[in-house]
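A quick write-up on the structure given underneath.
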Amino acid sequence: MPSKEELKRKVCEAIERRTDALIEIGETIRHHPELGFKEFKTAALVAKTFEQIRVPHRTGLAVTGVKAELKGANPGPTLALLGELDALVVSGHPLADPATGAAHACGHNAQVTAVLGATMALLDTGAMEHLSGRIVPFAVPAEEYGDIAWRLEQVRAGKLEFLGGKPELIRHGHFDDVDMAMLIHTSSRAEDKSAGVAASNNGCVVKTVRYIGKAAHAGSSPHLGINALYAANLALSAINALRETFQERDTIRVHPVITQGGRQVNVIPGEVHLETYVRGKSVQAIMDANMKVDRALRAGALAMGAQVEITTLPGYMPLSNHTELAQVFRSNAEEIVGAERYITQGHRTGSTDMGDISQIMPAVQGYMSGASGTGHGADFMISDPRFAYTAQAQVLAMSAIELLHGDAAPARELLRNYKPPMTRAEYLAFQRGINKTEEYDGSK
Ligand SMILES: [Zn+2]
Ligand SMILES: [Zn+2]
């Protein structure tokens with residue numbers, strides 16, 4: 001049997017040989033960005049690629065997910081290699097889809113390419129014959145939590161329950177046959193160096209808020225109206241005043257937007273809509289800040305005598321990267337980028353549904369460079385296509401070999417010592433418990 005090191009070298013060479021094809025896949029996805037749960041063209045490209053390399057796979061999971069399977073020579077643990085399919089709306093991005101505004105300003109196109117590249121290399125080299133267990137290359141939908149009004153319509157139509165891709169996949173049982181998961185996210189930040197892992201990420205809940213006032217003639221009889229926009233403004237001021245009560249250690253982020261602020265300038269706004277996340281480092285910190293935000297939202301309605309309907313939706317759980325999986329990512333990433341270009345980071349304040357996965361199984365989200373500009377910004381681009389589309393693939397393939405080589409002893413050991421923070425059932429019950437709508441009447 002070839003050694004771990006030999007196999008790793010072979011998959012890296014196989015990916016090098018596939019460089020042109022991988023760059024083409026990555027750039028094709030980048031030029032055809034699609035929003036979450038609508039990634040039909042991207043999913044079709046993934047499925048077509050799996051067909052070309054003859055990998056059994058299932059499509060249409062949580063609307064657009066594509067899940068493949070590579071079997072080792074012997075039974076053993078299952079490792080999922082995840083790549084996110086979706087783009088997000090970024091105004092002014094040069095590659096934004098003119099119809100939807102979607103742009104790959106988070107680099108998910110490179111993640112999907114990496115999963116395909118790793119799959120190709122594991123097959124090209126016959127590596128699976130020397131591994132135990134299974135590898136599940138998995139293109140997953142809708143990591144970016146946006147397009148909320150449309151997603152809520154899908155919920156009402158019974159097509160979705162949760163608004164994020166991985167929660168939906170968990171709900172449908174598509175992670176039931178997976179023991180651990182790895183994802184590599186592209187980074188454009190210089191401080192992230194060429195590769196690294198953070199200790200953790202914020203989780204969040206998501207809120208949609210509707211103020212109902214009373215429309216009236218804005219010039220002749222404003223005294224007959226109830227200004228829903230002013231009620232919302234007061235609530236936003238109250239949220240801002242509460243920021244001094246948020247403690248640094250909880251890394252709370254509250255960032256409301258007004259999605260409907262009034263429709264006709266000579267009418268007192270009778271209905272105004274807000275959306276916000278409430279993010280934090282722990283579930284307890286999020287729920288505490290969320291309680292304060294609810295109080296602030298009611299205060300705006302109370303002052304103006306308006307009504308407010310506050311809907312709180314399950315968001316994403318805090319991400320806790322599994323220490324040993326992170327170590328596997330690290331040692332293999334360092335082989336590609338060198339130890340001096342690797343960085344171990346602390347806590348990050350963004351949120352991701354990798355957090356949800358990390359509540360129910362060992363999971364790691366690494367970062368690798370290859371992009372420039374601002375994440376979620378109009379200037380985000382893949383600046384080093386060769387690195388962005390091949391180095392992540394190499395690290396995924398090498399990590400899989402590391403964990404599953406021979407009798408998959410490292411993976412078995414890691415799982416033996418692991419107890420998930422939540423079972424799948426506990427996770428689903430927790431997220432379902434977040435879901436609530438409160439109606440508050442400020443006129444009483
Ligand atoms: Zn993003
Ligand atoms: Zn992202």
Side-chain angles (χ1 to χ4, degrees), residues 26 29-30 33-39 42 46 62 64-65 80-93 95-97 100-115 138-148 151 163-169 181-189 191-192 195-198 200-204 206 253 255 257 275 277 279 315-319 321 329 345 347-358 363-383 388-389 392 395-396:
I29 299 173
R30 195 164 80 93
E34 298 173 293
L35 296 180
F37 296 121
K38 301 172 186 169
E39 314 96 325
T42 314
V46 171
T64 51
L81 304 177
L82 305 183
E84 293 158 351
L85 291 159
D86 60 327
L88 74 162
V89 175
V90 178
S91 348
H93 195 286
L95 290 182
D97 182 298
T100 65
H104 271 293
C106 204
H108 295 186
N109 54 312
Q111 294 180 24
V112 174
T113 309
V115 170
F138 203 165
V140 298
E143 186 276 331
E144 305 287 358
Y145 200 124
D147 204 6
I148 291 176
R151 289 187 195 178
L163 273 59
K166 296 181 195 74
E168 277 291 278
L169 291 169
M182 179 176 277
L183 180 149
I184 303 179
H185 199 293
T186 310
S187 172
S188 62
R189 308 195 315 184
E191 65 267 33
D192 288 347
V197 172
S200 51
N201 272 70
N202 270 356
C204 64
V206 179
R253 297 285 187 277
H255 38 89
V257 293
E275 286 175 9
Y277 288 10
R279 304 188 201 242
Y316 293 157
M317 301 295 285
L319 168 65
N321 282 310
F329 170 80
Q345 298 175 326
H347 180 70
R348 289 174 81 115
T349 47
S351 319
T352 165
D353 56 4
M354 254 327 248
D356 300 53
I357 301 293
S358 81
V364 66
Q365 170 163 314
Y367 287 88
M368 290 185 77
S369 63
S372 65
T374 311
H376 291 198
D379 59 348
F380 185 95
M381 59 177 289
I382 299 293
S383 51
Y389 298 133
Q392 294 181 12
V395 175
L396 285 179

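Numbering of ligands and ligand atoms starts at 1, following listing order. Just so we're clear, the structure is a prediction, and the values are computed from it rather than from any experiment.
Angle NE2(H185) to the Zn ion (ligand 2) to NE2(H108): 110° [nearest 10 degrees].
The Zn ion (ligand 1) has C106 among its coordinating residues (N/O/S atom, backbone or side chain, under 2.8 Å). Residue E143: no N/O/S atom is found under 2.8 Å from the Zn ion (ligand 1).
In this structure a side-chain-to-backbone donor-acceptor pair under 3.5 Å is missing from H104 to P33.
Judged by distance alone, the side chains of E144 and H376 do bring a donor and an acceptor atom under 3.5 Å apart.
In terms of distance to the Zn ion (ligand 1), the nearest N, O or S atom of E144 is named OE2.
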Practice prompt. Would you sort out whether M381 and R30 count as a side-chain contact (heavy atoms from CB on, under 4.5 Å), showing the intermediate values?
Written response: CA-CA 9 Å; M381 59 177 289; R30 195 164 80 93; 4.1 Å; yes
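Relative orientation of the Y145 and Y277 rings is perpendicular, given thresholds of 30° and 60° on the angle between their planes.
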